[in-house]
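Here is the structure we will look at, set down as structure tokens.
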There are 2 protein chains.
Amino acid sequence: MNQKQATCQHKLMVTRDALEVIQGKWRLPIVLSLTFGDKRFGEIQREIVDISPKMLSQELKALEVNKIITRTVYDSMPVTVEYSLTPLGKSMRKMLDEILDWGVVFRKEVVVK
Amino acid sequence: MNQKQATCQHKLMVTRDALEVIQGKWRLPIVLSLTFGDKRFGEIQREIVDISPKMLSQELKALEVNKIITRTVYDSMPVTVEYSLTPLGKSMRKMLDEILDWGVVFRKEVVVK
DNA sequence: CCGAATCCTGTTTGATACTG
DNA sequence: CAGTATCAAACAGGATTCGG
């Protein structure tokens, strides 16, 4: 399936595409947090402790543009906004798991040593 | 093994560790390029077309510090410097594959559409 | 050939305060 | 609650020059 065109050049291209979404300090943490269930703005902010509302808002927008998450406004009083993963967002699961697994290895080998 | 402490908070921590290495425009591409075999500075530069020598040098150093790659100098004339993945670097393979796989999906769903 | 050193710029990120 | 506005700081990245 993806073993045709598996040249270094081709892989470099795909990596760049993926990096556009993955990149930055906050996007992966946000996606990760949403894998635990739909959340509201404030909930995410409380979970990712040191993110500013500005960054959160900005990164959520970027993720929405890239079709990773959806934003739903409930016209209650006060307004409630919920964020949830799209199918594409959910498809990041395996990747996320591998990153996590490697993070554990890296932590053991380098961070704590 | 990693299902104890698999809370959202714990995962967020590990993600941050991994992100420190993964982050930036060039690190993953560099590591990817080295999965195809040991390479010299110039070879990497020719493969990752639009990287400047400064960035390449800088990112190679960072990867070395994090024990992802090793730098070997051969005292030939002129000097030759070879970069290769450490075992830790090689352990990124699965993660890299998943990122690649997801990159393909993302490209199909968003980039080209 | 393999970089190091310097300088410079624009983008990213952050702190803080404020609004519907 | 769910953001926006503003201003400042940090950093990534590029251009150029230089050396062993």
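Reminder, nothing fancy here: chain letters follow the sequence lines and each chain counts from 1.
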In the 5'-to-3' direction, what one-character label does each nucleotide of nucleotides 4-20 of chain C receive under the scheme B = base within less than 4.0 Å of a protein heavy atom, S = sugar-phosphate only, - = no such atom?
S-BB-----BBB-----

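Note: CZ (B:Phe41) to P (D:dG20) measures 18 Å, nearest angstrom. One interatomic measurement links the two molecules: CD1 of A:Ile69 to C1' of D:dA2, which rounds to 14 Å at whole-angstrom precision. Summarising the geometry, the separation between CG on B:Leu56 and C1' on D:dG14 is reported as 14 Å, rounded to the nearest angstrom. In this structure, B:Ile44 atom CD1 and C:dC1 atom P are separated by 15 Å, rounded to whole Å. Between B:Asp38 atom CG and C:dC2 atom C1' the separation is 17 Å, expressed in whole Å. One atom, CD of B:Glu82, and another, C1' of C:dC2, lie 13 Å apart when rounded to the nearest Å.
Electrostatic pairing of B:Lys94 and A:Glu98 counts as a salt bridge here, judged by a charged N lying under 4.0 Å from a carboxylate O. The pair A:Arg40-A:Glu43 counts as a salt bridge, with a side-chain nitrogen and a carboxylate oxygen less than 4.0 angstrom apart.
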Apply the test side-chain contact (heavy atoms from CB on, under 4.5 Å) to residues B:Ile68 and B:Met92: give CA-CA distance (whole Å), side-chain angles for both, the deciding distance (0.1 Å), then the verdict.
CA-CA 9 Å; B:Ile68 309 294; B:Met92 297 172 78; 3.6 Å; yes

The test is salt bridge (charged side-chain N to carboxylate O under 4.0 Å, His left out); show your working for A:Arg16 and B:Asp50 and say whether it passes.
CA-CA 12 Å; A:Arg16 282 182 87 140; B:Asp50 42 1; 3.1 Å; yes

Which atom pairs, donor and acceptor, lie under 3.5 Å between side-chain atoms of residues 24-36 of chain B and protein residues at least two apart or in another chain?
residue : atom : partner : partner atom : Å
B:Arg27 : NE   : B:Glu59 : OE1          : 2.7
B:Arg27 : NH1  : B:Glu20 : O            : 2.9
B:Ser33 : OG   : B:Glu47 : OE1          : 3.1
B:Thr35 : OG1  : B:Leu32 : O            : 2.5

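Of the side-chain N and O atoms in B:Arg40, one or more sit less than 4.0 angstrom from OP1 or OP2 of C:dC2. At the phosphate of D:dA2, neither OP1 nor OP2 sits under 4.0 Å from any side-chain N or O atom of A:Tyr74. The side chain of A:Tyr83 places no N or O atom within less than 4.0 Å of a non-bridging phosphate oxygen (OP1 or OP2) of D:dC1.
Across A:Thr15 and B:Leu100, no two heavy atoms sit closer than the pair OG1-CD1, 3.5 Å.
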